[in-house]
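The structure under discussion appears below in the form of structure tokens.
Start at 1 and go down the list; that is how both ligands and their atoms are numbered.
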Amino acid sequence: MLRQDGFLTQNGHSSNGVTPRITRQGASTRAVHGGTERRKAFHALHTPIVQTATYTFANTQELVDFMEGNIWGEGSDREEYGRYGNPTVASVERKLAKLDNADAGVLYASGMTAITSLLLSVLSAGSHIIMTDDCYRRTRQFALTFLQRLGIETSVVPMGDYEAIEAAIIKRKTRFIVSESPTNPYLRVADLERIAEIGRRHKVRTLIDSTFATPVNQRPLDWGIDFVVHSATKYLAGHNDLLAGVVVGQADRIAALRDSRGILGGIPDPNTAFLLERGLKTLALRVEQQNRTATAVAHFLESHRRIERVWYPGLESHPDHAVAAAQMSGFGGVISFEVAGDLHTTGQFIDRMQIPYIAPSLGGVESLIEQPAIVSYYDKTTEERLALGIKDNLVRFSIGIEDTDDILNDLDQALAGF
Ligand SMILES: *Cc1c(COP(=O)(O)O)cnc(C)c1O
């Protein structure tokens, strides 16, 4: 049957696209089939790009029926205006929710739009949030500047210090605990069960930025976390060719966020949603390859005499290895390491690498390499960077899907130049 929105329904299964027989399958099956309608408009296999800014009503009665449906909260299986929703966007939202074992998801035009829209939607003047350090610089900036101006205070606590999180809670004021896991650049891993438990006991909501893990390696909602956010720009889209972000969680909370997105306006365009859905189909394949190569690279680097330190949660030497091993099914594709050199010679090592591009970002099919001291903290002196925990000889390597041996050989030749 062809529904009003152009999608075909099959055997009367629900219009939200959930096909019960695929919900509990593995990550790769869910990445390909999760959340998508089996029958689509024009019998197309792929979700169509519904490139429209608005949607039409046949007559006034149809519009009245639609408005009645909205008022009585019954929802509707059609769209009204492009800022409120789009079928291509909705399709990828369902897939992202499936991958994270969430009820629902809401897609945004970037990872930062996802984070800022979520916090703006739930916080008000006088409220307080707790944020772990070693988190995305722009997230921290948003809290410490924009939210501060709106009368929302932020306590920044050391990653991994759960007593400090609990001690920072202010009764009736603290609304959110915000953390990343794994973090950037030191790949610190939060004990999600513990953070969720602290949140529940104090009636404080918990948010994990799970960008570095992807739903293939970690599903924070399974540990009791309230909201998960991803920069879909990274692994989820996976091809270094678009920006998007997503928040997933419980149905009623996500519905409220979708309403607020209609006001704040951060919906991505349908082309971006199409590319994201296309990229997601290979998510598990890509991430498994990246996990494998990163593990091999981490061990190679750890035993290399020109490397002073390697940060990878899959290594026993990493401070959070135990919690990562218990909580994650793979350790991800990003490795940070310190080479035996200074700001200048570290740059020379990077320049000798032939496979990775020098670029910020991570998670795509192409390997990317960067020196955080230059990419993120160029405006600071060596001493100021050290105070922030960023050494001049630190390198962040985002492993792509190139062959493991080629990446190992590339590192080997670049390190031989010291
Ligand atoms: C990139 C990134 C963001 C921001 O996402 P954009 O899509 O670039 O806006 C947020 N958190 C983490 C951990 C990131 O890596």
Problem set entry | salt_bridge(Glu93, Arg261) N-O dist < 4.0 Å | yes
Exercise. Can we say Glu197 and Arg201 salt-bridge, meaning some charged N sits less than 4.0 Å from an Asp/Glu carboxylate O?
Worked result: yes
Exercise. Does the distance from a Lys or Arg side-chain N to an Asp or Glu carboxylate O, for Glu383 and Lys391, drop under 4.0 Å?
Worked result: no
Seminar exercise, completed: So the atoms of ligand 1 within less than 4.0 Å of a heavy atom of Phe212 turn out to be 13 (C), 15 (O)
For this session: Could you tell me whether Arg278 atom CZ has more than 12 heavy atoms of other residues or ligands within 6.0 Å of it?
Result: no
For this session: Below 4.0 angstrom from a heavy atom of Asp209, which ligand 1 atoms are there? Numbered from 1 as shown, please.
Result: 10 (C), 11 (N), 12 (C), 13 (C)
For this session: Specify the protein heavy atom at minimum distance from atom 5 (O) of ligand 1: its residue, its atom name, and the distance to 0.1 Å.
Result: Ser231 OG, 3.0 Å
Exercise. For Tyr235, does its backbone N or O pair with a side-chain atom of Thr214 as donor and acceptor, under 3.5 Å?
Worked result: no
For this session: Give the atoms of ligand 1, by number and element, whose distance to some non-hydrogen atom of Gly111 is under 4.0 Å.
Result: 5 (O), 6 (P), 7 (O), 9 (O)
For this session: Do me a favour and list the nearest non-hydrogen protein atom to atom 9 (O) of ligand 1 with residue, atom name and distance?
Result: Met112 N, 2.8 Å
Exercise. For Gln141 and Arg138, what are the C-alpha separation, side-chain angles and deciding distance, and is it a side chain to side chain donor-acceptor pair (under 3.5 Å)?
Worked result: CA-CA 5 Å; Gln141 270 180 336; Arg138 301 300 179 195; 2.7 Å; yes
Exercise. Does Leu243, backbone or side chain, put an N or O under 3.5 Å from an N or O of ligand 1?
Worked result: no
Exercise. If you count the atoms of ligand 1 from 1 in the order shown, which ones are under 4.0 Å from a heavy atom of Thr211?
Worked result: 12 (C), 13 (C), 15 (O)
Exercise. What is the nearest protein non-hydrogen atom to atom 7 (O) of ligand 1, stated with its residue, atom name and distance?
Worked result: Thr233 OG1, 2.6 Å
Exercise. Any idea which atoms of ligand 1 are less than 4.0 Å away from a heavy-atom of Ala244?
Worked result: 7 (O)
Problem set entry | Closest approach of any protein heavy atom to atom 4 (C) of ligand 1, naming residue and atom | Tyr136 CE2, 3.5 Å
Exercise. How far is atom 14 (C) of ligand 1 from its nearest protein heavy atom, and which residue and atom is that?
Worked result: Lys234 NZ, 3.0 Å
Problem set entry | N/O separation below 3.5 Å, Glu180 to ligand 1 | no
Exercise. Looking at side-chain heavy atoms only, is the closest gap between Pro87 and Glu79 below 4.5 Å?
Worked result: yes
Exercise. With distance as the sole test, does Ser181 use its side chain to make a donor-acceptor pair with the main-chain N or O of Ala190 at under 3.5 Å?
Worked result: yes
For this session: Under 4.0 Å from a heavy atom of Ser110: give me the atoms of ligand 1 that qualify, with their elements.
Result: 7 (O), 9 (O)
Exercise. Does the ring of Tyr81 carry Arg83 above it, NZ/CZ under 6.0 angstrom from centre and within 45° of its axis?
Worked result: no
